[in-house]
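Everything quoted here is computed from the prediction, not taken from an experiment. Chain naming here is simple, since letters A, B, ... match the order of the sequence lines and numbering starts at 1 in each.
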2 protein chains.
Amino acid sequence: MIDKFLHQLRITEPELQEEIRKNATITEHDRGEFIIKNNNYIKVLKIVLEGKVRVYQESDEREILIYYLNTMETCTLSLSACFEDCKSTVNAIVEEKCILLNIPVRFVHDWNFKYKSWNIFTINTFRESYHHLIHEYSNLAFQPLKDRLFDYLVSKAEQDIVYKSHQELAKELGTTREVISRLLKKLEANKQLRLGQKEIQLLK
Amino acid sequence: MIDKFLHQLRITEPELQEEIRKNATITEHDRGEFIIKNNNYIKVLKIVLEGKVRVYQESDEREILIYYLNTMETCTLSLSACFEDCKSTVNAIVEEKCILLNIPVRFVHDWNFKYKSWNIFTINTFRESYHHLIHEYSNLAFQPLKDRLFDYLVSKAEQDIVYKSHQELAKELGTTREVISRLLKKLEANKQLRLGQKEIQLLK
DNA sequence: ACCCTCTTGTGCCAAAAGTCACAGGTTTTA
DNA sequence: TAAAACCTGTGACTTTTGGCACAAGAGGGT
């Protein structure tokens, strides 16, 4: 399991491989479990070896998706916290049963200047996250919700089907269930999709 | 001028100082000049030694502020581009006459693993920008425009006064001039500020 | 079969934000 | 100093989004 991770991230230095094996732990988590909670200190960097984690911000009853962590991805905010002790400003919850690699923060920090491949990993994580977030940011600023919803469905579809409830979509897009229901109805009337129970089929 | 920069960023390695002096150029730019244009390739990392630069995204007639670059700050997106050749997705325009330090991208990339202080500079730039952007993102998602406007004024005030037109505020907050005018009127009626010509005085 | 929870649909109304149109200031500049 | 360009205010209207209430359907478990 770790080998696959080392390979995918192109971590080739034997010393670094050894350090990771020695200092990292592997844990399993079921759907619904919190990996990171808002306002808690971050002690370990978590890398998703398998499964899916949803990272979001909340405010009162609303939520908004920051990003999903898929296989071989790490939480950029945790990574950031490795460079300066700080509290989390987000929540992370397991969406699909997952296996995590946990690396205590002090190593993450040291390795950055010690191992070239770790340095690249760090920089790339920041870069990709930053670009992704800017993109989401301007979508949020410029696009009407209807478009954001449709784009989101397209991006999340597997074989043109999205298996999510309206409530889940609402939370990911930072709005309420009724609004999503109505917009979906409009999209259906527009023949852009077909609605089922917890199942949205994209057309064409 | 460069010395001040080296000192502020705690760049202590003599070799790196030497490299910067040798390879970087200094340029001056007047208000209104474009530093970076959307869709252009990024060839040099620009660091603001003096002055102020506004970095924003645009869509049709609308704009939205990504961040301001103040003294001794660099454009995170340019920094990112140093690690992979790519086009800019933003515009950067000079707001206050400024002096820039220009470093060709290939150096920026190499120095990251070669000089510890440069590595720290890079990581810190990414970290701070990322946190800032997440903060803006959830404001955009959760806060009504009226609150965003007021918070923005507070953050931009010098001695409780903001010297900006409604049009400028609209562009920075991603909305239209009329909306800003009306919200400002409400805030004035609410005794939170007093309106003048291109001048908004915050009260209390 | 029955209960409970989750899911979806929708009517009605309110608030927030955007658009269009126009009028009268102020500042810049030629 | 007169024209042009920018700045502010505002009425009237539309669209978008949100909040509340209620009803009906689906699905799971005991």
Side-chain angles (χ1 to χ4, degrees), chain A residues 31-32 58-65 93 95 138-153 156 161-190 192-202, chain B residues 30-32 58-65 93 95 138-153 156 161-190 192-201:
Chain A
R31 178 178 165 86
E58 60 182 347
S59 159
D60 296 320
E61 292 304 292
R62 296 277 194 86
E63 295 184 1
I64 192 160
L65 182 65
I93 190 169
E95 285 277 307
S138 54
N139 274 351
L140 186 55
F142 298 133
Q143 301 247 50
L145 188 50
K146 192 173 168 187
D147 295 354
R148 286 204 298 133
L149 172 59
F150 188 72
D151 292 350
Y152 189 70
L153 291 173
K156 283 288 169 285
I161 300 187
V162 179
Y163 301 95
K164 283 179 187 290
S165 71
H166 300 182
Q167 181 61 71
E168 287 177 282
L169 290 169
K171 291 212 159 186
E172 292 168 9
L173 293 170
T175 181
T176 57
R177 202 265 312 166
E178 298 91 319
V179 172
I180 295 291
S181 288
R182 274 191 274 264
L183 290 176
L184 284 173
K185 267 293 159 205
K186 280 191 197 167
L187 290 168
E188 188 180 41
N190 227 18
Q192 296 180 264
L193 47 79
R194 193 174 305 143
L195 296 174
Q197 191 75 0
K198 277 199 91 166
E199 188 182 307
I200 299 165
Q201 157 114 51
L202 302 180
Chain B
D30 288 325
R31 180 179 164 85
E58 61 182 345
S59 159
D60 296 322
E61 292 304 294
R62 297 276 194 87
E63 294 184 1
I64 192 159
L65 182 65
I93 190 168
E95 285 277 308
S138 54
N139 273 353
L140 187 54
F142 298 133
Q143 302 247 48
L145 187 51
K146 192 173 169 187
D147 296 354
R148 286 204 298 134
L149 172 59
F150 188 72
D151 292 350
Y152 189 71
L153 291 173
K156 284 287 169 286
I161 300 187
V162 179
Y163 302 94
K164 283 178 187 288
S165 70
H166 301 182
Q167 181 63 71
E168 287 176 282
L169 290 169
K171 291 212 160 188
E172 291 168 10
L173 293 170
T175 181
T176 58
R177 201 265 313 164
E178 297 91 321
V179 172
I180 293 291
S181 288
R182 271 191 275 263
L183 290 177
L184 285 173
K185 267 291 157 206
K186 280 189 198 169
L187 289 168
E188 189 180 41
N190 227 19
Q192 295 180 265
L193 47 79
R194 193 174 305 141
L195 296 173
Q197 191 75 1
K198 275 200 92 167
E199 188 181 308
I200 299 166
Q201 157 114 50

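In this structure, Lys171(B) does not pair ionically with Glu168(B), as no charged nitrogen and carboxylate oxygen lie closer than 4.0 Å. Electrostatic pairing of Lys164(B) and Glu199(B) does not count as a salt bridge here, judged by no charged N lying under 4.0 Å from a carboxylate O.
In this entry the distance linking CG of Leu195(A) with C1' of dT10(C) reads 14 Å, nearest Å. Between the NZ atom of Lys146(A) and the C1' atom of dT15(D) there is a distance of 11 Å, rounded to whole Å. Rounded to a whole Å, the NZ atom of Lys185(B) is 15 Å from the C1' atom of dG11(D). One atom, CZ of Phe142(B), and another, P of dA17(C), lie 15 Å apart when rounded to the nearest Å. Rounded to whole Å, atom P of dT8(D) lies 13 Å from atom CG of Leu193(B). Going from atom CD1 of Ile200(B) over to atom C1' of dG9(D) covers 14 Å, rounded to whole Å. Spacing between atom CG of Leu184(A) and atom P of dT10(C) amounts to 12 Å, rounded to whole angstrom units. Separating the CD atom of Gln197(A) from the P atom of dG9(C) is a distance of 8 Å, rounded to the nearest angstrom.
Of all heavy-atom pairs spanning Lys146(A) and Leu187(A), the tightest one is CE-CD2, 4.0 Å. Contact between Arg31(B) and Glu95(B) at its shortest, heavy atoms only, is NH1-O, 2.8 Å.
The residue among Val179(A) and Gln167(B) whose nearest nucleotide of DNA chain D is located toward the 5' end is Gln167(B). Place Leu183(B) and Arg177(B) on DNA chain C by their nearest nucleotides, and Leu183(B) ends up nearer the 5' end.
Of the side-chain N and O atoms in Arg62(B), one or more sit less than 4.0 angstrom from OP1 or OP2 of dT19(C). Contact annotation: Lys198(B) side-chain N/O to dC6(D) OP1/OP2 distance is not under 4.0 Å. In this structure, Thr175(B) reaches the dG18(C) phosphate: one of its side-chain N or O atoms is under 4.0 Å from OP1 or OP2.
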Next item on the list: Please lay out, stage by stage, how Tyr152(A) and Leu65(A) fare under the test side-chain contact (heavy atoms from CB on, under 4.5 Å).
Entry: CA-CA 11 Å; Tyr152(A) 189 70; Leu65(A) 182 65; 3.3 Å; yes
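Comparing dA21(D), dT19(C), dG18(D) by their nearest atom to the side chain of Thr176(B) picks out dT19(C).
Within the nucleic acid shown, Glu178(B) comes within 4.0 Å of at least one base atom, counting heavy atoms only.
A donor-acceptor contact under 3.5 Å is not formed by the side chain of Arg182(A) with the base of dT15(D).
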